[in-house]
2 protein chains.
Amino acid sequence: MSEVSYNSRLAITAADRVLHEIQRAIVAGEITPGSKISEPELARRFDLSRAPLREALARLERCHLIERLPNIGARVVTLSIAGLSWLYQIREELEGLACRLAAQHMTDQQINELCQLLDLHLATQRVREGESYYQEAGDVDFHYRIIQGSNNPYLINILCDELYYLVRMYRVQLGMNGPRVSRAFDEHKAILTAIANRDGELADLLMRRHIAASRLNIEKHLHQLGK
Amino acid sequence: MSEVSYNSRLAITAADRVLHEIQRAIVAGEITPGSKISEPELARRFDLSRAPLREALARLERCHLIERLPNIGARVVTLSIAGLSWLYQIREELEGLACRLAAQHMTDQQINELCQLLDLHLATQRVREGESYYQEAGDVDFHYRIIQGSNNPYLINILCDELYYLVRMYRVQLGMNGPRVSRAFDEHKAILTAIANRDGELADLLMRRHIAASRLNIEKHLHQLGK
DNA sequence: AAGGTATTAATTGTCGACAATTTAAACTTA
DNA sequence: TAAGTTTAAATTGTCGACAATTAATACCTT
């Protein structure tokens, strides 16, 4: 009989399902930034009790998508230039570190697979010029892989579990696309090349620049949106 | 009638109390690393229901003091050289960043207050040579202040709320004291001087070295403890 | 007696209801 | 009418009980 992989025995609970659903809705902007989260309302909407809902809210707070105050309740976070800046300051440091570690720990096979993924992104991107979603997902995928390659569980947790939903929220709600798409691809390629050459220092530097450029790009959008 | 300060209206809930109590017990080693957390047992022990207890467990997971698996339960984390290394890799990056930001954002008054705190540490330390607790608390205090001075909420959250309990757990359970106490003081002084001179780059460098030295110190203890 | 299976016990996940607190509304008073 | 106070409604925090899942025990088979 087929042997089920050991770690895949992570049971999916009701709290998980509602978490992912609300998470998606907040990132997509379907639940307005700054709006209040009503536990009874959400419980009705997802047809479950408040217990698993509160578990989900605890995790939403953990990834900075909502803010909770005792006896008062939860609100969806609001986006701001300051918030974006704070977020990207940390990304620069930690993803730079991730690059150094990835250059140290990623296997040749993992690097090759990521290289193929990049080529796939290029193909997809050429076909659908200016389409934002794929670039978005692709970019996230690239950063995800590097971070996973760092082999540092705390680093992975902070970046992938706690900060990345907020990063995506900024990019999705500001409708990021435009001419930076192709340049981002080149930057990804350069970073990966440095990692393939086991040059962690260079990969670190390039990643910091890449993130800084990405931040400036989003800040530009934020400014020209007036707010 | 006297006006209560606005932000101090944060209600203390039952979940908060039990959280702090368990947090302290884990950091102090009163609850053995690797041991299983029994919800019914803890609920009886603290004389409350499982609802606030589970809220507390969610937050304990957030600061990496326990690990939870769905439908299985929670275990207290185990300490390891690898875990310490992972933790300090992140501290080096983020507290270095905190120094750069603190040099930018801390007011002269805040810097002066921290300077006085350091002198207080020196006095206390001279009186109680080799006493670890005060140095421990003092060191934590120093790092706390720098981090708070960074003015970056995400940075503050990651370091002070999510990672520092684990840092303290390593130091407490390994009984850190010994000759590094006085050298750590000098390093603190140098870092603060750099910040006072608004030399963020130097403060960054010195902080990274300080943390690296601290890590090596703890690793030495871990090794000579055989495990 | 060893290995595997079925049964039992214990633990976690979820539910509905109540208590404590906060927010909104109604009311009073100047 | 505006401000402050009192009352009512709604929301969050907590509780005890049940369902679903996991861990432990007893049982059977070879």
Notebook entry, point to check: Sequence neighbours excluded, which residues qualify as ring pair (Phe, Tyr, Trp, His ring centres under 6.0 Å) partners of Tyr88(A)?
Noted result: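 Result, ring pair (Phe, Tyr, Trp, His ring centres under 6.0 Å) vs Tyr88(A): none returned.
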Next item on the list: Assign Ala51(A) to base, sugar-phosphate, or nothing according to its heavy-atom contacts below 4.0 angstrom with the strands shown.
Entry: base
Margin query: With a 4.0 Å limit, can you tell me whether Thr13(B) has a side-chain N or O closer than that to the phosphate oxygens OP1/OP2 of dT14(D)?
Written below: yes
Next item on the list: Check whether any side-chain nitrogen or oxygen of Arg54(A) sits under 4.0 Å from OP1 or OP2 of dG13(D), and answer yes or no.
Entry: yes
Checklist line | Modelled atom types, side-chain donor and acceptor of Gln89(B) and Glu93(B), under 3.5 Å | finding: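 Glu93(B) and Gln89(B) do not have a side-chain donor-acceptor pair below 3.5 Å.
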Next item on the list: Over 60° means perpendicular and under 30° means parallel, so classify the ring planes of His188(B) and Phe142(B), tilted if in between.
Entry: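 Rings of Phe142(B) and His188(B): parallel, under 30°.
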In whole Å, I'd like the distance from the [atom1] atom of [X] to the [atom2] atom of [N].
{"X": "Ile12(B)", "N": "dT21(C)", "atom1": "CD1", "atom2": "P", "result": "13 Å"}
{"X": "Arg75(A)", "N": "dT11(D)", "atom1": "CZ", "atom2": "C1'", "result": "13 Å"}
{"X": "Leu53(A)", "N": "dT14(C)", "atom1": "CG", "atom2": "P", "result": "11 Å"}
{"X": "Leu69(B)", "N": "dT12(C)", "atom1": "CG", "atom2": "C1'", "result": "12 Å"}
{"X": "Glu61(B)", "N": "dT12(C)", "atom1": "CD", "atom2": "P", "result": "14 Å"}
{"X": "Glu55(B)", "N": "dG13(D)", "atom1": "CD", "atom2": "P", "result": "7 Å"}
{"X": "Arg50(B)", "N": "dA19(D)", "atom1": "CZ", "atom2": "C1'", "result": "12 Å"}
{"X": "Ile72(B)", "N": "dT22(D)", "atom1": "CD1", "atom2": "C1'", "result": "7 Å"}

Next item on the list: Any pair with a residue in residues 29-41 of chain A that passes side-chain hydrogen bond (donor to acceptor under 3.5 Å, both in side chains), sequence neighbours left out, goes on the list, sorted by first then second residue, please.
Entry: Arg24(A)-Glu30(A), Glu39(A)-Arg50(A), Glu39(A)-Arg54(A)
Margin query: Checking Gln23(A) now: which residues fulfil side-chain contact (heavy atoms from CB on, under 4.5 Å) with it, not counting sequence neighbours?
Written below: Leu19(A), His20(A), Leu60(A), Cys63(A), Leu65(A), Tyr165(A)
Next item on the list: Kindly write out the residues that satisfy side-chain contact (heavy atoms from CB on, under 4.5 Å) with Ala82(B), not counting sequence neighbours, or none if the list is empty.
Entry: Ser80(B), Trp86(B)
Item checked: Of Asn71(B) and Asn71(A), the one whose closest DNA chain C nucleotide lies more 5' -> Asn71(B)
Check: Of Ser49(A) and Ala74(B), whose nearest nucleotide on DNA chain C comes first from the 5' end?
Finding: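 The residue mapped nearer the 5' terminus is Ala74(B).
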Notebook entry, point to check: Looking at DNA chain C, which of residues 30-48 of chain A put a heavy atom within less than 4.0 Å of it?
Noted result: Leu48(A)
Checklist line | Contacts of type side chain to side chain donor-acceptor pair (under 3.5 Å), residue Asp108(B), not counting sequence neighbours | finding: Arg198(B)
